[in-house]
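Here is the structure we will look at.
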Amino acid sequence: MTFAIAILAAGKGTRLKSKHPKVLHTVGGKPLLEHVIAAATRLVTPSDIYVIIGHEADRVRDAVAHTGVQYVVQTEQRGTGHAIQQLLPALLAGSTPRYDHLLVLSGDVPLIRPETVIRLRDFHLAERAAMTILTAVLADATGYGRVVRQAKDSAEVAAIVEHKALTPEQSSLNEINSGIYAFSIAPLQSHIAELKTANVHAEYYLTDMAALLVAAGERVVAIPAEDAEEILGANTLREMMLLDSAMRLRTAEKLMANGVTIFRPDTTTIDASVEVAADAVIEPFVQLLGNTRVGADTVIRSYSVLRNVVVGEGVLIRNSCVLEDATVASGAQIGPFAHLRPGSEIGENAHVGNFVETKKTRLGKGAKANHLAYLGDADVGENSNVGAGVITCNYDGVHKHPTTIGKSVFVGSDSTLVAPITIGDGAYIAAGSSITNDVPADALAVGRSRQITKPDWAKKRREASKT
Ligand code: UD1
Ligand code: MG
């Protein structure tokens, strides 16, 4: 039995009132379509997945190009049935189908789990059906197509009726069509040309295949999803946000099941792609985004935001830090209020403290920059100490220049290091220095004017002002 998977993704998403194509709106940190493709690739290889694109086709194709799926362009979006009509030629070799069955997924139903699609597929095969519809019973079925069964407890379906076409008697039906189906390709191919546009939107509805196939003597059945949440569609931004919360909660629950402590998971924002090891602790209002990976025993305190950050084991990220495209090795301590910009590499047991900003900077093992520093395009050797208020002057208005600080260097507070510059191992920089020349190993560099102290000057001034 061979299966192809179609993913409907050509529509504009008019109800979102957005200029971006619906399937590129994100939930759980990834475009809707990417979630559906990820589920599909658990069943078949990408070369058997056909994404039907149309509205902003190039943007949609570019966004998911890395998945290696096939595309079919539906130039005019004339309905879900029309979309499958455009696809069918790609599934044929001459007039012979290259597959036995077609699974149809919807690009705007992102919570669907592969296990559920497998249940649909197996039920479809066991029932020897021409069409099998995945359904759910919803308390509020507003907006969805409803499934009309042939008899109350029958697996067999008579028709799908779209919300706007419901008769008053049908409006109480609460078993909805998920927009996810299995078809046997031969009967689908034989009858799909019979679809008509006699509906409020004057579109070819794929849903009408149910009644058409039944009229042709074919078997159409339905199977309810075990969890209705999985088949919720994202047609409005409100629905989009409900799905986003649901997906993030699902991610948090998976992490908790794997031994991660998440206080107040409802307040955290964790993308589906994030990995966290057991015994890590995530405090309220933390955001873990993109390809972030967090090691065991690491603690991330409230209001910190990590995007594409690899964090080792036993790290402490204190409150309100912002980290992006950075790595933090085991045992390091960050923050509070630290900003690690792209290309920051914080070594083992290193410390980056209050109001410190780093960019394209490597901090060696045990190095410290604890207060109010800017380190850009810098390499700081092992066990060096960067004092409060130190600035690497990495930019001359045109170009960026590197700063190299050796091992066990002491950079006194409020120093400016004018790059390009190299400070040798074990050197000392006196506080308040402007360093413009390289400093050899083990030297002391003082780059400031000498202090003048005038005894009794202030006292005399006060006395003079009294008279
Ligand atoms: C559809 C079903 C409805 C079901 C609901 C479940 C139809 C007619 N109705 O309604 O029974 O309850 O899904 O979520 O199918 N698309 C195309 N080309 C088109 C039109 C749509 O590719 O010409 C794509 C859209 O991008 C979307 C999917 O098909 O990903 C579903 O279209 P949408 O307009 O959201 O249909 P619903 O009104 O939600
Ligand atoms: Mg929809």
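Just follow the structure's listing: the first ligand is 1, and inside any ligand the first atom is 1.
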Report yes if some heavy atom in the side chain of L125 is under 4.5 Å from a heavy atom in the side chain of M1; otherwise report no.
yes

State the atoms of ligand 1, each with its element, that fall below the 4.0 Å cut-off from a heavy-atom position in G145.
3 (C), 4 (C), 11 (O), 12 (O)

How close does the nearest protein non-hydrogen atom get to atom 32 (O) of ligand 1, and which residue and atom is it?
T80 CG2, 4.0 Å

Counting only heavy atoms not in R318, do more than 12 fall under 6.0 Å of its CZ?
yes

Atom indices of ligand 1, in the order listed, that fall short of 4.0 Å to a heavy atom of S178
6 (C), 14 (O)

What do we get for H82 next to ligand 1 when only non-hydrogen atoms under 4.0 Å count, side chain, backbone, both or neither?
neither

Check whether T292 reaches the backbone of V309 with its side chain - one donor and one acceptor, N or O, closer than 3.5 Å.
yes

For ligand 1, which part of N235 has a heavy atom less than 4.0 Å away: the side chain, the backbone, both, or neither?
side chain

Any heavy atom of E203 under 4.0 Å from ligand 1? The part involved is neither

Shortest non-hydrogen contact from A90 to V72?
CB-CG2, 4.2 Å

Quick one: does any side-chain atom of Q86 pair with a main-chain N or O of H82 as donor and acceptor, under 3.5 Å?
yes

Side-chain contact, heavy-atom cut-off 4.5 Å: L111 with R250?
yes

Return the closest protein heavy atom for atom 23 (O) of ligand 1 as residue, atom name and distance.
G79 N, 2.8 Å

Please could you name the atoms of ligand 1 that K22 approaches to less than 4.0 Å, counting only its heavy atoms?
35 (O)

Between D208 and L212 (side chain of the first, backbone of the second, donor and acceptor by atom type, cut-off under 3.5 Å), is there such a pair?
no

Counting C-beta onward and ignoring hydrogens, is there a side-chain heavy-atom pair between I192 and M209 closer than 4.5 Å?
yes

Donor-acceptor check, side chain of S245 to backbone of M241, threshold 3.5 angstrom: yes or no?
yes

Please test V27 against L32 for side-chain contact (heavy atoms from CB on, under 4.5 Å), starting from the C-alpha separation and ending with a verdict.
CA-CA 6 Å; V27 302; L32 294 180; 3.7 Å; yes

Determine yes or no for a side-chain-to-main-chain donor-acceptor pair under 3.5 angstrom, with S304 supplying the side chain and C321 the backbone.
yes

Among all protein non-hydrogen atoms, which one is nearest to atom 13 (O) of ligand 1, and what is the separation to 0.1 Å?
G179 CA, 4.4 Å

Residues F123 and T132: closest non-hydrogen pair is CD2-CG2, 3.7 Å

Return the closest protein heavy atom for atom 25 (C) of ligand 1 as residue, atom name and distance.
G11 N, 3.7 Å

For atom 9 (N) of ligand 1, the option (of H55, Q77, E162) bearing the nearest heavy atom
E162

Kindly give the heavy-atom pair with the smallest separation between T67 and P46, and that separation in Å.
O-CB, 3.5 Å

Per-atom contacts of ligand 1 with R15, taking only distances under 4.0 Å to non-hydrogen atoms:
33 (P), 34 (O), 35 (O), 37 (P), 38 (O), 39 (O)

Please note down the angle at the Mg ion (ligand 2) between OD1 of N235 and OD2 of D108, to the nearest 10°.
80°

Counting heavy atoms only, which of N177, L138, I53, L232 comes nearest to atom 12 (O) of ligand 1?
N177

Can you list the atoms of ligand 1 that are under 4.0 Å from a heavy atom of L8?
22 (O), 24 (C), 27 (C), 28 (C), 29 (O), 30 (O)

Under 4.0 Å, counting heavy atoms only: does K164 come that close to any atom of ligand 1?
no

Measure the distance from atom 22 (O) of ligand 1 to every protein heavy atom, then report the residue, atom name and distance (to 0.1 Å) of the closest one.
A10 N, 2.9 Å

Might you check, step by step, whether the distance between atom 1 (C) of ligand 1 and some protein heavy atom is under 4.0 Å?
no

For ligand 1, which atoms have a heavy atom of Q74 less than 4.0 angstrom away?
17 (C), 18 (N), 19 (C), 22 (O), 23 (O)

Y205 heavy atoms within 4.0 Å reach ligand 1 at atoms 8 (C)

T207 backbone acceptor or donor facing Y205 side chain under 3.5 Å:
no

Using a strict cut-off of 4.0 Å, indicate which atoms of ligand 1 neighbour a heavy atom of T207.
7 (C), 8 (C), 9 (N), 11 (O), 15 (O)

Mind checking whether R78 has a heavy atom under 4.0 Å from ligand 1?
yes

contact_flag S106 ligand 1 heavy-atom lt 4.0 Å
yes

